[in-house]
Novice: 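Here it is: the structure, laid out below.
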Amino acid sequence: MGAALALSGCGSDDGGSASDGGNGGSDAAGKVGVILPDTESSVRWESADRPALEAAFEEAGVEYEIQNAEGDAERMTQIADTMIGNGVTVLAIVNLDSESGAAIQEKAASAGVATIDYDRLTLGGTAEYYVSFDNVVVGELQGQGLADCLGEEDANIVYLNGSPTDNNATLFAEGAHSVLDGMSNYSVVGEQAVPDWDNEEAATIFQQLYTAADGDVDGVLAANDGLGGAAISILEGNGLAGKVPVTGQDATVEGLQNILAGTQCMTVYKSATLEAGALADTAIALVNGEDAETTGTTLDSESGREVPSILLEPQAITKDTVADVIADGGQSAADVCAGDFADLCAEAGIS
Ligand code: BGC
């Protein structure tokens, strides 16, 4: 936990050597390419990461290009090829699966382009650095958050996990299980991974798990806000929304609104400003041929490689702390408090 300290103070200036942070030192003579994964598995990529990355690169005065692969690994490969052809010196990807990610990184390496894993570790990959949050801790916060909402009584839990091709999803589930499995009053009555984090498919999957459990579901460990929203929609149809606690992640507008409305028990906030700032700092170090400041290493479970990492600290958010996300700039009050949510925001002291 303490390891993230050096980076948690300010998004774009870690006190490190390469970026002189603050007011746009523009000595970095390279170009950074970033490929985001999709627009559907979470709204975060376009609504939070892109603007935060743009701001971080602008502030650092480094040339950059950001593209989105729209959920298509072939498209990500093509974008990478084009970026390499256009002379990027550093390429950061959020892989859609480790195999395609590793192939992209290998090609980049043979063209002399350094790579960074942004948010998701590419198993078997060759990235110079991995920039993310501590994803096991994300899962632990979800598990503890669900336990806090459920309380001491016996409860049946359904797990709606993230994509099986996303190493983060494995880590989230691992973290959540590490907390909940030790609590003897809870039973797992269903658990499934949602391919590509597809929110629509998540509703279908949750409906099936719910039916298989004869509707005897007391809590839902959903891996992100989109999957949580899918579970809530099915619970709503059964008159149970607000009675069965559901977790989430990303502190999306919808997730925060669900928390204010009482249909979602918690979310996990991962500041895009911090993550994008850490990526910019790392990329600039690479551009300048310097070592980036890391918080430790992460084991690539496929290759056994210890990947130099910058892992930030995620934060659990409940109704009491929705205001913190807004104060931190994670979402705007205007978005969260739109329309019917104005009253709920006022009650929660958000203006
Ligand atoms: C990210 C989450 C996101 C999910 C779906 C994960 O790898 O860490 O923040 O909700 O992918 O895009």
Side-chain angles (χ1 to χ4, degrees), residues 4 34-50 52-53 68-73 76 92-98 100-101 116-123 125 127 130-142 145 159-176 193-202 205 221-231 246-256 258 264 266-276 278-279 298 301 309-317 325 330-331:
V34 182
I35 314 179
L36 301 172
D38 62 64
T39 57
E40 309 215 317
S41 66
S42 171
V43 292
R44 64 165 280 185
W45 305 115
E46 287 298 326
S47 73
D49 292 83
R50 183 189 285 272
L53 288 163
N68 191 309
E70 310 280 355
D72 181 344
M76 187 178 289
I93 61 168
V94 184
N95 76 56
L96 284 163
D97 62 85
S98 282
S100 64
I116 304 174
D117 274 327
Y118 184 56
D119 200 71
R120 299 176 180 166
L121 183 69
T122 299
L123 301 179
Y130 172 44
V131 173
S132 191
F133 282 80
D134 187 325
N135 294 302
V136 176
V137 172
V138 170
E140 289 169 1
L141 294 176
Q142 292 172 326
Y159 281 70
L160 216 41
N161 296 329
S163 176
T165 56
D166 180 352
N167 182 59
N168 284 347
T170 309
L171 303 178
F172 301 149
E174 184 188 313
V194 178
D196 303 327
W197 296 88
D198 184 305
N199 291 193
E200 272 170 43
E201 206 173 333
I205 290 172
L221 194 297
N224 77 358
D225 286 352
L227 303 190
V246 177
T247 64
Q249 170 177 194
D250 291 344
T252 62
V253 170
E254 190 196 345
L256 295 174
N258 286 340
Q264 187 171 323
M266 60 88 67
T267 187
V268 178
Y269 175 50
K270 305 187 298 184
S271 160
T273 305
L274 282 186
E275 195 175 8
L279 178 64
T298 304
S301 58
S309 304
I310 297 89
L311 296 188
L312 304 160
E313 229 179 283
Q315 202 183 326
I317 299 296
V325 177
Q331 298 294 352

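Ligands are counted one by one from 1 in listed order, and the atoms in each one are counted from 1 as well.
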Novice: Going by distance alone, is a donor N or O of one side chain under 3.5 Å from an acceptor N or O of the other, for N95 and T122?
Specialist: yes
Novice: Could you name the protein residues that come within less than 4.0 Å of ligand 1, counting only heavy atoms, and order them by chain and residue number?
Specialist: S41, S42, R44, W45, D119, R120, D166, N168, F172, W197, N224, Q249, D250, K270
Novice: Under 4.5 Å between any side-chain heavy atoms of L311 and V137, yes or no?
Specialist: no
Novice: Are Q142 and V268 side-chain neighbours, meaning at least one heavy-atom pair lies under 4.5 Å?
Specialist: yes
Novice: With a 3.5 Å cut-off and no angle check, do the side chains of N68 and W45 form a donor-acceptor pair?
Specialist: no
Novice: So, using ring pair (Phe, Tyr, Trp, His ring centres under 6.0 Å) as the criterion, who are the partners of F133 when residues are at least two apart?
Specialist: none
Novice: Among D166, N168, N167, which residue satisfies the side-chain hydrogen bond (donor to acceptor under 3.5 Å, both in side chains) criterion with R120?
Specialist: D166
